[in-house]
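Within every chain, numbering begins at 1; the chains are lettered A, B, ... in the order of the sequence lines, protein sequences first and strands thereafter.
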Number of protein chains: 2
Amino acid sequence: MNTKYAGFESPGITVDLVLFTVNENHLKGMLVKRAEEPFRNDWSLPGGFIKLGESLDDAAQRILVEKTGVSDVYMEQLYTFGAPKRDPRSRVITVAYIALIPWQSLPQPESDKVTDLGWFPVDQLPKLAFDHKEIIHYAATRLRAKVSYSNIVYGLMPKQFRLSELQSMYESIINDKLDKRNFRKRMLATGLLKETGKKDIAGAHRPAMLYQFKSKEIVFL
Amino acid sequence: MNTKYAGFESPGITVDLVLFTVNENHLKGMLVKRAEEPFRNDWSLPGGFIKLGESLDDAAQRILVEKTGVSDVYMEQLYTFGAPKRDPRSRVITVAYIALIPWQSLPQPESDKVTDLGWFPVDQLPKLAFDHKEIIHYAATRLRAKVSYSNIVYGLMPKQFRLSELQSMYESIINDKLDKRNFRKRMLATGLLKETGKKDIAGAHRPAMLYQFKSKEIVFL
DNA sequence: ATACTAAGTGTATAATGAACACTAAGTATG
DNA sequence: CATACTTAGTGTTCATTATACACTTAGTAT
């Protein structure tokens, strides 16, 4: 599989996707069960080899669509992992991407069918193929840091939401409680949110105003 | 040069180095003049193909030593660039690294010899090969951001220095003036510096205390 | 002795972040 | 239909941090 170029062997290149969502107050990553050796039947990140005509971003996008049927989600390049022995068969370098998707946007799995897809809390991962555990942890660390100085949670929220849902999103990611009044002040002070005028009338309690982000731009605060 | 693997062509992989220093109040990047096509005689980033048994970090380190004779400098992976046409001949993906070196640590070029190495202010770059201008600008943006929330300037300072030299370093990188008293307060408050006890007696003026970093750790502030 | 240069130092004000508890508006229930 | 229940919504005080700002000190050069 490897070849010579200018006197050097050329490794293979893959793109791996760390696809995050938040559900039941947990930051979760999507894994797929490997059908082939090595690591057959272990869980792993969705990924694949890069095609000759496609950019790295395009490859990540393609893999996302192949595995989830979803497109138009937030994605960014994370890091490139290239330890010589990370694939036991041969030299493979992987460019890892982070992608974020709101739980509500995920296609419902057909519940009566066994699936090779799973969502796992990032702090309770099963045995993973290759160096994928390291990659997910690196991704989670980046996401958790970025949450505190950007509006990257945009990528995980449904179109409209209550402020309490937004707060819960932050709390799930950083794994800590936040003060309600300070949180609301801070969020509204960013100027990135707007009221929709609609109210969420679900539940036996006072209805909440629904908000949305004014723009899909991810900005540093 | 490309080969098949699992039905996909395998691109070549290089590592390119954005080596920064600061000199004469300017953030400068090191460039090498290309001896071969494509882009023969244009300036470019130092780089090279990855060897089969070496990690990405090792490759970056090797290229650093090959081009400068220096090792033991601060390095971090920057980003991976993989646009399909970034190399006009064939598909090559490059993993870019940032490296920092104090101007004082650079080996003196033999001045009577024409050299294929040059240091250029990042805001006054010559025509560059490939997408290397984009890479340098991306690197400079990252460095400028990181300077404000870490002690990454450690990698650019000599062992001992006056606080005014440290301030000048910050000012050169961010291209802005800082308040002397506030700067000193802030730096000393980090607890990362210590007095050496020595004084710098150069110049017709009051001698300055020399400081050094307590540790080589790069930390977030 | 005087001029010159960079080193070194403190305070007042503004802005930001953190702690903290009650009232409001609905639904469910007996 | 009165009461219990649940989540929504709202301000103030205090501590910390960031900013603006100017003069004295210690040496060298002439």
Side-chain angles (χ1 to χ4, degrees), chain A residues 22 24-25 144-151 153 157-158 160-213 219-221, chain B residues 22 24-25 144-151 153 157-158 160-172 174-212 219-221:
Chain A
V22 171
E24 295 169 326
N25 297 325
R144 284 173 166 143
K146 208 152 183 174
V147 149
S148 69
Y149 61 82
S150 79
N151 64 332
V153 294
M157 298 299 294
Q160 305 196 338
F161 46 84
R162 296 173 287 154
L163 287 183
S164 60
E165 291 173 315
L166 186 62
Q167 180 174 349
S168 166
M169 174 62 62
Y170 276 87
E171 291 175 337
S172 299
I173 295 171
I174 65 176
N175 230 323
D176 204 358
K177 286 284 171 198
L178 298 171
D179 178 86
K180 182 160 73 160
R181 279 173 291 187
N182 292 337
F183 177 81
R184 288 170 171 245
K185 254 181 296 179
R186 211 153 22 86
M187 283 301 129
L188 296 175
T190 63
L192 299 173
L193 296 175
K194 67 173 177 215
E195 298 187 355
T196 63
K198 292 181 232 166
K199 296 219 169 188
D200 177 2
I201 50 171
H205 52 79
R206 176 172 176 178
M209 175 61 67
L210 291 175
Y211 288 81
Q212 59 183 230
F213 282 96
V219 298
F220 294 168
L221 302 177
Chain B
V22 170
E24 296 171 325
N25 297 324
R144 285 173 166 144
K146 209 152 183 174
V147 149
S148 68
Y149 62 84
S150 79
N151 64 333
V153 294
M157 298 298 294
Q160 305 195 338
F161 46 83
R162 296 173 286 155
L163 287 183
S164 60
E165 291 173 316
L166 186 61
Q167 179 173 349
S168 165
M169 174 63 63
Y170 275 88
E171 291 175 336
S172 299
I174 64 176
N175 230 323
D176 203 359
K177 286 283 170 199
L178 298 172
D179 178 87
K180 181 160 74 161
R181 279 174 291 186
N182 292 336
F183 177 81
R184 287 169 171 245
K185 254 180 296 179
R186 210 153 22 87
M187 284 301 129
L188 296 174
T190 63
L192 300 172
L193 295 175
K194 68 172 178 217
E195 298 187 354
T196 63
K198 290 182 235 166
K199 298 219 170 190
D200 179 3
I201 50 170
H205 52 78
R206 179 173 176 176
M209 174 63 66
L210 290 175
Y211 287 80
Q212 60 183 229
V219 299
F220 295 169
L221 303 178

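Considering only the side chain of Arg206(A), dG9(D) comes nearest among dG9(D), dG26(C), dA7(C). Side-chain proximity of Lys185(A) to the nucleotides dA19(C), dG9(D), dA22(D) is greatest for dA19(C).
Regarding contacts with the backbone of dA8(D), a side-chain N or O of Arg162(A) is found under 4.0 angstrom from either OP1 or OP2. The phosphate of dA7(C) has OP1 or OP2 within less than 4.0 Å of a side-chain N or O from Ser164(B).
When each of Lys180(B) and Arg181(A) is assigned the nucleotide of DNA chain D bearing its nearest heavy atom, the one mapping closer to the 5' terminus is Arg181(A). Both Lys199(A) and Arg186(A) lie close to DNA chain C; mapped to their nearest nucleotides by heavy-atom distance, the more 5′-ward contact belongs to Arg186(A). Two residues, His205(A) and Leu188(A), neighbour DNA chain D, and the one matched to the more 5' nucleotide by heavy-atom proximity is His205(A).
At most 12 heavy atoms of other shown residues, nucleotides or ligands fall within 6.0 angstrom of atom CD1 in Ile201(B).
The interatomic distance linking Asp176(A) (CG) with dA18(C) (P) rounds to 12 Å, in whole Å. With rounding to whole Å, Leu178(B) atom CG is found 14 Å from dA18(D) atom P. Atom-to-atom, CG of Asp179(A) to C1' of dC22(C) comes out at 14 Å; the value is rounded to the nearest Å. Between Tyr149(A) atom OH and dT16(C) atom P there is a gap of 21 Å when expressed in whole angstrom units.
Looking at heavy-atom distances under 4.0 Å, Arg184(A) makes contact with a base.
In this structure, Phe213(A) and Phe161(A) have tilted ring planes: the angle between them lies in the 30° to 60° band.
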